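Working notes for the structure below.
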Amino acid sequence: MPYPFSDIEPKWQAYWQQHQTFRTPDDVDTTRPKYYVLDMFPYPSGSGLHVGHPEGYTATDITARYKRMKGFNVLHPMGWDAFGLPAEQYALQTGTHPAVTTEKNINRFREQLQSLGFSYDWQREVATTDPAYFKWTQWIFLKLFERGLAYEAEAPVNWCPALGTVLANEEVINGRSERGDHPIVRKPMRQWMLKITAYAERLLADLDDLDWPESIKEMQRNWIGKSEGAEVDFALDGLEATLRVYTTRPDTLFGATYMVVSPEHPLLDQLVTDETRPAVQDYRAKAAMKSDLERTELAKTKSGVFTGSYAVNPVNGEKIPVWTSDYVLISYGTGAIMAVPGHDDRDYAFANAFDLPIREVISGGDLSKEAFTGNGVLVNSANDDISLNGLEVTESKAKITAWLESKGLGQGKVNYKLRDWLFSRQRYWGEPFPLLHLDDGTVAPVPLDELPLMPPAVDEYKPSPDGDPPFARNPEWLNTTDPATGRPARRETNTMPQWAGSCWYFLRYIDPQNDQALIDPEKEKYWMPVDLYVGGAEHAVLHLLYARFWHKVLYDCGVVHCKEPFHRLVNQGMILGEVEYTLFRNTDGTPVSASEIRDEHDFTSERLPESEAVKKGDSFVWKQDPAIQLRAKANKMSKSRGNVINPDDVVKQYGADSLRLYEMFMGPLEQVKPWSMKGVEGVYRFLNKVWRLFELPLTDTSCDKEQKRLVHGLIKKVGEDIEGMRYNTAIAAMMEFVNAAGKWSELPREAAEPFVLLLSPFAPHMGEELWEKLGHAESLAHTPWPDYDEEALTLDSVEILVQITGKPCARLDVPSTATADELINLAKAHPDVAAALTGKTIRKEIAVPGRLVNIVAT
RNA sequence: GCCGGAGUGGCGGAACUGGCAGACGCGCCGGACUCAAAAUCCGGUGCCCGUGAGGGCGUGUGGGUUCGAGUCCCACCUCCGGUACCA
C-alpha cells in the first residue's frame with residue numbers, strides 16, 4: 001500500500017492556511033535574528049507553472065523552514081511580476097482587459113504554488129499591477145525625476161516593429177529582441193531615459209562585497225565596462241572646430257595615421273567637401289537603414305568613406321585624413337576615434353581595406369602580418385618637447401596624458417560602456433508615467449496625492465491612429481490641466497517597462513499594506529537586506545542591475561539604509577527535458593550517423609526508446625546497426641518539442657513531497673540537469689519506505705549506541721548541508737539512514753522524532769503527518785531543530801588501510817583514538833605487513849589518524 | 001575572438017582543508033513472495049583478463065609536484081553559459 005499522499009497533502013495545506021502557520025507578524029520580536037529568503041517572483045503566464053519554477057522555490061522553502069526551526073524570524077514572501085506583453089497581446093486579439101487575464105493567471109499560479117506546500121506568508125503577496133503597489137512605483141519614478149535622473153531624449157532607439165515598442169539595449173541580443181526573437185531597427189524617437197550611468201562607479205565598486213556567483217559579478221562588470229584612457233583634441237585643418245576622441249591607448253598617439261567619425265557624428269556635415277558630399281551622404285543613409293543585426297553580420301568587412309577633411313595630430317603636427325565608418329559607434333566615447341592601425345585590430349583591418357599607412361610605435365610585433373596590441377617598448381614617438389621612446393606602455397600612457405594636460409590638448413578620462421536606461425515603452429499594460437506635458441513645453445509631475453495614476457479605459461489596445469501609444473486613444477484621460485499652474489496639459493502616453501515593478505518589490509513585502517509610505521523605516525532596518533535571493537541566471541544583468549540602481553537611489557533618498565539589496569545570490573540551473581535518443585535518416589530513408597549531421601533540416605529524425613541505444617566509445621549507437629551513431633541529448637523544455645513536464649501531473653501521480661524531493665535530489669541546485677520520471681519514482685519509493693518505517697512499533701526505550709550514532713550523524717549532516725545548500729546530499733544521507741533503520745525491529749521515539757524534524761523541510765506534508773502520528777497536537781513548523789551530540793558520533797574503532805609504498809597491503813581495526821605513532825606500530829605488528837617489509841629498508845612512514853598508514857620501503 | 005563554468009560507471013550524481021574513487025538514486029542482472037503480474041524485500045553491478053582465487057586498467061588528453069592526485073601546477077581538447085567593432 002503506497003502512502004496516502006493525496007489525503008495528507010491537502011489536509012496539511014488546509015491546516016497551514018487555517019492556522020496561519022507561516023504568517024510573519026508585523027510586530028515580530030526584533031531581538032531575535034532575522035532571515036529574509038526571497039525567490040525571484042514569477043511572471044504569471046497563461047501556461048501556468050513549469051517544473052523550473054519549483055526548483056528554486058523548493059530550495060528557498062527548505063531553507064526558510066529550517067531557519068524557522070532554528071529560531072529565526074523568517075520572511076518568505078511571494079508575489080507577481082504581472083505587467084507584461086502576453087496579457088496585452090491577448091487583449092489586442094480579444095479585447096479582454098489585460099487586468100482580467102492577469103488576475104485569472106495569478107489565481108492559477110497561486111493555487112499551483114499552494115499545492116506544492118510552500119511556506120509563504122500569503123498575506124504579504126504583492127502584484128506589480130495592483131494600483132496600491134504601482135502607486136509607489138510611480139512615487140519612486142517621481143523621486144528619480146526630481147533628482148534629475150529621468151530625462152527625455154530624442155535618441156536613436158531599438159525599435160521592434162513586431163512588438164510595436166522600443167527596447168532597452170539589454171533587451172536586444174544580436175540585433176533581435178530578447179523576447180520573441182524579432183528583428184530590431186534603429187529609429188530616432190522621443191523617449192524617457194534613466195541616468196543609470198550616474199551610478200556606474202558605485203554599481204561597479206559595490207559588487208566586490210556581494211556574496212554572488214563570480215560569473216554574475218563578472219557579467220555586470222563587463223556590462224558596466226569601465227575603461228581608463230584619455231580624451232584628446234585634434235585640430236581640423238581649415239575648420240574652426242576640433243575633433244575630440246577618446247582612447248585607452250594615448251601611448252600610441254604618435255602612431256595615429258587617420259581618424260574616423262561615426263556616421264551619426266554631429267561634425268560630419270562640416271567635414272564633408274563638395275566632392276565627397278554625395279558619397280558621404282549615401283554612406284550615412286545606408287548606415288542608418290541598417291538594423292543592428294546587419295551591422296553585426298557585416299562586421300567582418302570594414303566599410304567607410306573619406307570625408308575630404310584632414311585633422312592635425314597634436315603631437316607631431318601631421319595632417320591625417322578623417323574618414324567616416326560604422327565601425328565607430330556614436331554611443332560610445334565621443335563617437336570619434338584616432339586610428340592607430342599598427343596597434344589596434346579594427347584599425348588594422350580598416351587601414352588594409354583602404355590602403356592607409358600603418359606605423360609602428362611599439363616594438364615587438366610584426367606589422368606586415370597583424371596589429372601588435374601587446375606590451376612593448378615605444379619607438380618613433382618623440383617630438384621636440386617630449387619623447388616616449390624606450391618607455392613601456394604603462395609609463396608612456398601616464399607621461400603622454402600629463403603632457404597633453406599641460407598643453408591643454410586633452411585629459412585623462414574614465415569611460416563606461418554602460419548607457420542610460422531607455423525607460424519608456426509604447427504599450428498599454430504597464431505603469432503610466434505620472435507626468436504632464438504643459439502647453440509651454442515644460443514637464444510637470446502629477447501631484448503625489450493624485451497617485452496612483454490609473455491607465456485610461458480604451459476601446460482598443462492598439463496604438464492610436466496617429467501612431468501614439470494606446471493611452472492616447474482616450475482624449476478625456478489624455479487632456480487635462482496641471483493643478484499647480486492651471487495650464488492645459490497632455491499626459492505622458494508611454495508606459496514604464498516591465499522591469500520597473502521588479503526593481504523594488506522585495507521592499508514592499510516587508511510592509512505590504514502601508515498606504516502612507518513605500519515602507520516603514522523601522523521595518524526596513526530590521527529586514528533588509530535580503531539574506532538569500534534565488535532565481536535564474538537570465539536576470540544576471542537586467543533585473544539585478546536595475547534593482548541595484550533603484551536601490552542606490554532610494555538609499556540616497558534615505559528610504560533604505562543599506563547600499564545593496566541582495567546580500568547573497570544563488571542561480572538555480574535550468575531543468576532540461578528527458579534525455580532523447582534520436583536516429584537520423586537520409587531523404588531516401590538510409591540511417592545516418594549523428595556525427596555527420598550538419599544541417600538537421602536535410603534529414604528526418606526519429607526518437608528512439610532508450611532500449612534501442614547502446615553505449616559505444618564516447619557516443620551512443622543504434623542497437624540494430626552499431627555503425628550508426630545516435631544523438632543522445634537532453635533539450636530545453638519547450639512546447640514545440642513536446643517535452644514539457646507539468647508539475648500538476650507529477651503532483652497528481654506522486655505527490656508534492658515527491659516533486660519537491662526529486663527537484664532537490666537531481667543534483668546541485670546551480671547545475672543544469674535533465675529531468676527523469678524514473679528519478680521521481682525513486683524518491684517516491686523513498687517516501688514510502690519512510691512511511692513503512694513508522695509502522696514499526698514505537699518504543700520509549702532509548703537508542704542503543706549505534707542508533708544514536710546514526711541519528712546524531714544525520715542531524716549534523718542534514719543541518720550542514722542545508723546551510724551549504726547541498727540539498728541533494730542531505731537527501732542521500734536521509735536515504736542511507738532509512739535504509740539502515742529499516743532493519744530495526746522497533747523504532748525508538750528518540751530516533752523517530754529528530755528524523756521527522758529533519759525530513760520536514762524537504763517533505764513538509766509527510767513531516768507534519770508523521771509528527772501528528774507521534775502524538776503531537778501542533779505543527780512542527782516552529783519546533784526547535786534538533787541538536788546533535790558530538791560525542792555520539794565517534795566510533796570506538798575504525799578500519800584503516802596499511803599501504804607499503806602506496807600499495808594496499810592490509811586492513812586493520814584500530815581504536816579511533818590511536819595516534820600516528822601508535823598506528824605505525826600497530827601496522828608493523830601486522831603479519832602481512834611485517835612479511836612485506838622483510839629485507840627492505842624503511843625510507844619514510846606516514847600515518848593519518850583514522851585513515852591510513854603508508855610505509856615507504858625499498 | 002574574449003570572459004565565466006564544467007568534463008567522474010549505462011544514466012543523474014557523491015568524495016571534508018590531497019589519504020581505500022564511484023555514497024545515494026535510476027537502470028540492469030539474479031533470488032524470495034505470487035497461479036501470474038505489479039508492488040515489496042534480499043543479493044549483485046566501474047571496465048578488462050581469469051572457471052577460480054587473483055591480476056591489470058581506471059575521474060577529458062599529455063606532462064609535472066607528492067609517500068600518495070578526481071582534488072594542486074603547466075599545456076592542450078571538448079561541451080555549456082555570457083558577450084562581441086566599446087577605441
Side-chain angles (χ1 to χ4, degrees), chain A residues 1-2 173-174 213-219 221-223 225-227 229 245-249 252 260 295-296 298-300 302 325-329 331-340 343-347 349-350 415-419 537-538 540-541 571 573-574 579 610-611 613-616 618 620 632 634 661-662 665-668 670-683 685-686 688-689 692 720 726 728-736 738-739 742 799-808 811 843-848 850-857:
Chain A
M1 262 289 274
I173 314 277
N174 283 332
E214 202 45 50
S215 60
I216 302 284
K217 291 209 247 181
E218 205 48 36
M219 278 188 228
R221 288 192 191 107
N222 291 340
W223 194 264
K226 181 179 182 172
S227 72
V245 300
Y246 172 71
T247 177
T248 55
R249 298 294 305 273
T252 61
V260 186
R295 278 203 183 188
T296 330
L298 297 170
K300 280 149 205 118
K302 294 269 183 286
S325 168
D326 64 2
Y327 88 91
V328 172
L329 309 173
S331 48
Y332 184 77
T334 62
I337 61 156
M338 63 174 205
V340 184
H343 306 285
D344 180 281
D345 293 321
R346 297 150 301 179
D347 297 345
F350 190 85
N415 232 319
Y416 300 91
K417 283 203 303 195
L418 183 70
R419 281 169 243 163
E538 65 273 19
V541 278
N571 293 122
M574 202 189 340
V579 176
E610 199 184 338
S611 55
V614 186
K615 181 88 175 196
K616 188 181 167 193
D618 285 340
F620 281 87
L661 219 46
Y662 176 64
F665 188 62
M666 291 172 88
E670 303 85 341
Q671 215 156 75
V672 177
K673 34 202 180 278
W675 185 266
S676 155
M677 233 25 167
K678 288 285 185 193
V680 183
E681 282 177 36
V683 295
R685 276 202 277 271
F686 162 68
N688 276 298
K689 272 194 209 175
R692 282 196 305 273
E720 286 175 355
R726 293 180 298 268
N728 55 330
T729 49
I731 295 168
M734 289 191 277
M735 287 173 165
E736 280 183 271
V738 170
N739 288 343
E799 189 192 66
I800 64 153
L801 175 74
V802 183
Q803 297 177 322
I804 304 295
T805 323
K807 288 210 168 199
R811 284 159 207 283
R843 304 285 172 198
K844 201 167 182 179
E845 296 168 333
I846 299 113
V848 183
R851 299 270 181 194
L852 55 61
V853 171
N854 189 6
I855 299 171
V856 185

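Note that the structure is predicted; figures quoted are calculated from it, not measured. Proteins get letters first, then strands, A, B, ... in listed order; numbering begins at 1 in each.
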Between B:G70 and B:G18, how far is it from one P atom to the other, in whole Å? 13 Å
Would A:K417 and A:N222 satisfy side chain to side chain donor-acceptor pair (under 3.5 Å), going step by step from the backbone distance to the final call? CA-CA 8 Å; A:K417 283 203 303 195; A:N222 291 340; over 6 Å; no
Does B:G13 have OP1 or OP2 under 4.0 Å away from a side-chain N or O of A:Q671? yes
Taking only side-chain N and O atoms of A:K615, does any of them lie within less than 4.0 angstrom of OP1 or OP2 on B:C11? yes
Scan A:S676 against the nucleic acid and name what it touches under 4.0 Å (heavy atoms): base, sugar-phosphate only, or nothing. nothing
May I have the distance from A:K417 (atom NZ) to B:C3 (atom P), rounded to whole angstrom? 13 Å
Select base, sugar-phosphate, or nothing to describe what A:F620 touches, counting heavy atoms under 4.0 Å on all strands. sugar-phosphate
Cation-aromatic face contact A:K302/A:Y327, 6.0 Å, 45 degrees: yes
Taking B:G27 as the reference, what is the distance to B:G9 when you measure between their C1' atoms (whole Å, please)? 12 Å
Which nucleotide, B:A87, B:A84, B:C20, lies nearest any side-chain atom of A:W223? B:A84
Atom of A:V340, atom of A:D347 and distance for their closest heavy-atom approach: N-OD2, 2.9 Å
Respond yes when some side-chain nitrogen or oxygen of A:S215 is under 4.0 Å from OP1 or OP2 of B:G82, and no when none is. no
Kindly say if A:R221 contacts the phosphate of B:G4, meaning a side-chain N or O under 4.0 Å from OP1 or OP2. no
Side-chain N or O of A:N222 versus OP1/OP2 of B:G4: is the shortest distance under 4.0 Å? no
Between A:R726 and B:A14, is there a contact of a side-chain N or O with OP1 or OP2 at under 4.0 Å? no
Out of B:C24, B:C16, B:G13, minimum distance to the side chain of A:K673 belongs to B:G13
Tell me whether the OP1 or OP2 atom of B:G5 has a side-chain N or O from A:N571 closer than 4.0 Å. no
Mind checking whether A:W675 and A:Y662 have parallel, tilted or perpendicular rings, split at 30° and 60°? perpendicular
Heavy atoms under 4.0 Å, any strand shown: does A:V614 hit a base, just sugar-phosphate, or nothing? nothing
Please report the distance separating the P of B:G5 from the corresponding atom of B:C26, rounded so that it comes out in whole Å. 34 Å
